[in-house]
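Data first, discussion second: the structure below is written as structure tokens.
The model shown is predicted, which means the values in this text are computed figures rather than measured ones. Proteins get letters first, then strands, A, B, ... in listed order; numbering begins at 1 in each.
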Number of protein chains: 2
Amino acid sequence: MSRVPSPPSPASATPMSPRRATISDVAREAGTGKTSISRYLNGEFNVLSAELRARIEAAIERLDYRPNQMARGLKRGRNRLIGMLLADLSNPYSVEVLQGVEAACQALGYMPLICHAANEVEMEGRYLQLLTTYRVEGVIVNALGVREAMLKPVGSGGIPSVLVDRTVEGLDADMVGLDNEAAVRLGTAHLLARGYEEIVFVVQPYEHVSSRRRRVTAFQDAMRTTPQVRADTVVLDLQNDDAASAALAALDERIGKGADDDPNDPHEAHEAPPRIALFAGNAPVAMRIALHLNARYGAQWQRRVGLLAFDDPEWAELAGITTIRQPTRAIGYRAVEFLHQRIEGLADVARDCVLPGELIVRASTGG
Amino acid sequence: MSRVPSPPSPASATPMSPRRATISDVAREAGTGKTSISRYLNGEFNVLSAELRARIEAAIERLDYRPNQMARGLKRGRNRLIGMLLADLSNPYSVEVLQGVEAACQALGYMPLICHAANEVEMEGRYLQLLTTYRVEGVIVNALGVREAMLKPVGSGGIPSVLVDRTVEGLDADMVGLDNEAAVRLGTAHLLARGYEEIVFVVQPYEHVSSRRRRVTAFQDAMRTTPQVRADTVVLDLQNDDAASAALAALDERIGKGADDDPNDPHEAHEAPPRIALFAGNAPVAMRIALHLNARYGAQWQRRVGLLAFDDPEWAELAGITTIRQPTRAIGYRAVEFLHQRIEGLADVARDCVLPGELIVRASTGG
DNA sequence: CTGTTAGCGCTTTCAT
DNA sequence: ATGAAAGCGCTAACAG
């Protein structure tokens with residue numbers, strides 16, 4: 001099943017509107033050769049008599065001429081297109097990174113070809129292929145699980161690429177993302193300071209996602225220094241409803257312990273602060289947890305469990321959830337800058353750019 | 001100030017990786033002519049001896065050849081690219097519509113060129129221009145305030161286009177969106193049934209956005225039938241913080257009336273249901289309102305005001321807000337189908353496709 | 001069945 | 001200062 005637009009399949013020819021003016025039309029209209037028009041288009045005014053220049057200007061105006069980028073790209077060998085592969089646009093993180101990318105593209109004169117894998121590994125591969133087919137000059141990849149190393153192991157042939165948030169196994173390319181270790185430390189320190197006696201890190205399946213792996217590891221490392229506080233990691237697979245429910249149920253179990261009033265009686269609310277805190281590995285996880293807790297314990301759930309989450313979506317403020325905000329726009333911007341340098345020929349070793357996160361304290365951790 | 005990637009500015013030539021194989025390379029490698037390769041690429045197997053076909057296959061494989069879409073497009077006159085102009089990707093509505101668009105593109109063999117205006121009218125114009133420069137075959141527009149009618153007034157020259165959610169003044173093109181009138185009726189009927197004595201419709205500046213205008217009008221119309229319930233419309237300009245604060249303050253005024261306990265004392269909560277309900281014109285408005293109410297009255301704000309909102313973002317479930325969900329993906333899908341027909345030459349009069357919304361009742365309206 | 005020959009719209013020597 | 005001609009990579013007649 002081909003789900004990504006494959007190379008123009010045997011398509012029937014199609015009627016075109018009154019056909020756009022071409023450079024030849026303009027040349028004729030201006031009574032000159034195509035060369036001069038081209039020169040005009042490329043701003044080589046120093047080699048154009050004011051008179052000719054004016055005629056060209058007029059002709060272009062009259063014909064509402066727009067140079068065809070495809071043709072230019074074909075001739076020049078560069079088309080100023082870069083691919084932006086996003087794992088999941090429904091995650092605000094992605095949208096924000098995208099904004100940074102767009103800003104940088106504008107500044108550097110690129111046009112981002114945005115591809116949304118919508119969490120489907122298969123899509124991802126197809127899009128990557130498609131991008132090379134459109135001869136993008138480079139790709140920014142927020143990978144899902146890219147297998148094929150159709151990407152450029154910095155230096156070797158292949159298409160220049162920079163990774164965002166996560167590495168791609170076996171691919172030695174530039175990478176920009178959050179300083180996960182520091183961010184985790186920021187989070188655990190906060191939780192510890194709040195006096196929780198048990199902290200469980202909740203994360204989506206992390207084997208194949210480097211950022212998640214690092215967060216998990218960093219969490220475990222950080223907690224090793226305070227053995228008196230119980231630390232654990234729970235996997236919450238958002239793509240698998242049954243598994244997710246089970247994980248959530250397990251979480252309930254832990255929460256239930258040490259809190260022995262009837263969870264169905266909202267009036268019997270805790271007065272003592274919660275003993276356990278959940279540390280969500282990203283916003284989607286936090287959302288799922290909050291939804292679940294809210295359904296199970298009612299709006300007062302924060303009296304029973306602490307919650308800290310990576311990412312800082314708009315709703316976190318509304319729900320009063322403490323978060324670790326990522327410098328998303330900066331990440332996107334930086335990624336394009338890196339890519340630009342690569343496109344321009346930079347051949348240094350792969351670089352790693354980690355930006356710091358920021359802790360936003362709210363009610364969910366006993367604010 | 002040029003903020004959108006302008007046509008490849010006088011850019012310096014750049015080093016290209018080991019250069020990708022071209023059709024000529026493949027022809028040579030396979031010991032045949034380019035024509036046969038082209039035929040192979042286009043699936044005209046019936047005119048290729050099995051032997052030659054195999055040789056070509058091998059050559060392509062060996063050279064890791066990928067046909068250049070730009071070149072194909074140039075020759076063919078169609079490049080299977082369509083533009084998707086989005087007013088604001090940070091609005092979940094847009095992302096969801098986009099998902100529908102992507103799905104349809106995959107099905108129909110198009111590649112969407114996504115342009116994000118990020119709420120800046122200027123950007124919008126530039127992107128539109130850029131899109132024509134890349135010779136997209138059509139555009140799907142979720143407009144912000146397109147001025148230039150560079151779009152195709154169905155039938156006339158110009159680029160085929162279909163509008164999403166909102167019309168573009170003076171442009172007679174296909175349009176697909178929500179059945180706003182029915183949706184508003186759904187909402188007001190619900191609010192009325194809940195017994196609110198006053199309902200105020202809160203909406204972003206609506207002069208230039210058809211969907212908002214229609215919602216406002218429909219609301220006023222609907223409320224005319226029940227003169228005993230006070231109805232009003234308040235504009236909340238999210239782009240202007242001062243104006244927004246003022247509007248919110250005005251809202252507080254109304255809410256305050258008839259509820260005379262200390263808003264700072266959470267224990268003195270109302271027992272009687274709220275007399276007034278807010279009807280948010282879209283999700284961003286609802287978010288702003290919720291944030292404000294939450295800050296002012298605390299988590300218990302729903303005991304003082306009812307809230308109903310257009311759009312159904314994920315956080316609405318968490319916050320327990322009653323919403324009117326739009327068939328977003330269907331809208332996106334449909335838009336592409338319409339556009340496809342236009343591209344294929346359909347020249348009928350402009351069509352209007354309005355899809356029904358769905359009321360999702362939650363706690364915020366006295367659930 | 002297969003290859004030759006023109007271009008698509010644009011840029012770029014190379015002359016003039 | 002200006003233009004003619006040769007392609008960029010590919011497709012599409014038109015011959016064999």
>> Any donor-acceptor pair under 3.5 Å linking the side-chain atoms of Glu137(A) with those of Tyr110(A)?
In response: no
Smallest heavy-atom separation, Ser161(B) atom then Ala173(B) atom, equals O-CB, 3.7 Å
Atom CE of Met70(A) and atom P of dT11(C) are separated, to the nearest Å, by 14 Å
Query - dG3(C) OP1/OP2 closer than 4.0 Å to side-chain N/O of Ser36(B) - result: yes
Separation of dA13(D) atom P from Glu44(B) atom CD, nearest Å, is 11 Å
The residue, Ala71(B) or Thr32(B), whose nearest nucleotide of DNA chain C is more 5′ is Thr32(B)
From CD1 of Ile23(A) across to P of dT12(C) the rounded distance in Å is 11 Å
(message) It should be established whether Asn42(B) places a side-chain nitrogen or oxygen under 4.0 Å from OP1 or OP2 of nucleotide dT11(D).
(response) yes
Q.
Using a 4.0 Å heavy-atom cut-off, does Asp25(A) contact any base of the nucleic acid, only the sugar-phosphate backbone, or nothing at all?
A. nothing
Smallest heavy-atom separation, Arg342(B) atom then Pro160(B) atom, equals CB-CB, 4.1 Å
**Asked** Just checking Ile37(B): base, sugar-phosphate only, or nothing, at a heavy-atom cut-off of under 4.0 Å?
**Response** nothing
With the side chain defined as heavy atoms from C-beta on, Asn68(A) is closest, among dC10(C), dT2(D), dC1(C), to dC10(C)
Leu52(B) has its side chain closest, among dG9(C), dT11(D), dG3(C), to dG3(C)
To the nearest angstrom, the CZ-P distance between Arg76(A) and dC8(C) comes to 20 Å
CA sep, side-chain torsions, deciding dist, call: Arg20(A), Asp25(A), salt bridge (charged side-chain N to carboxylate O under 4.0 Å, His left out): CA-CA 9 Å; Arg20(A) 271 208 162 284; Asp25(A) 299 329; over 6 Å; no
Between Ile56(A) and Ser36(A) the two heavy atoms that sit nearest each other are CD1-O, 3.8 Å
In this structure, CG of Asp174(A) is separated from OG1 of Thr167(A) (nearest 0.5 Å) by 13.0 Å
Per atom distances to the Val47(B) side chain, the nearest of dG3(D), dC1(C), dG9(D) is dC1(C)
- Compare side-chain N and O positions of Ser24(B) against OP1 and OP2 of dG9(D) and report whether any pair is under 4.0 Å apart. no
- prompt: Hey, does the side chain of Tyr40(A) come within less than 4.0 Å of dT2(D)'s phosphate (OP1/OP2), counting only N and O?
  reply: no
Under 3.5 Å, which N/O atoms of the protein pair with N/O atoms of nucleotides 5-7 of chain C?
from	atom 1	to	atom 2	distance (Å)
dG7(C)	N2	Lys75(B)	NZ	3.0
dG7(C)	N3	Lys75(B)	NZ	3.0

Side-chain contact check for Ser49(A): nearest option of dT2(D), dT11(C), dC1(C) is dT2(D)
Arg72(B) CZ to dG9(C) P, in whole Å, measures 18 Å
Donor-acceptor pair, Asn79(A) side chain versus Leu74(A) backbone, under 3.5 Å?
no
Between the side chains of Glu344(B) and Arg78(B), is the shortest nitrogen-to-carboxylate-oxygen separation below 4.0 Å, so that they form an ion pair? yes
(message) Please determine whether any donor N or O and acceptor N or O are separated by less than 3.5 Å between the side chain of Arg39(B) and the base of dG3(C).
(response) yes
Separation of dA1(D) atom P from Glu51(A) atom CD, nearest Å, is 14 Å
Between CG of Asn79(A) and C1' of dT11(C) the distance, given in whole Å, is 15 Å
- Message: Under 4.0 Å from OP1 or OP2 of dC8(D): is there any side-chain N or O of Thr22(B) that close?
- Response: no
Rounded to whole Å, CG of Leu41(B) lies from P of dT2(C) at a distance of 15 Å
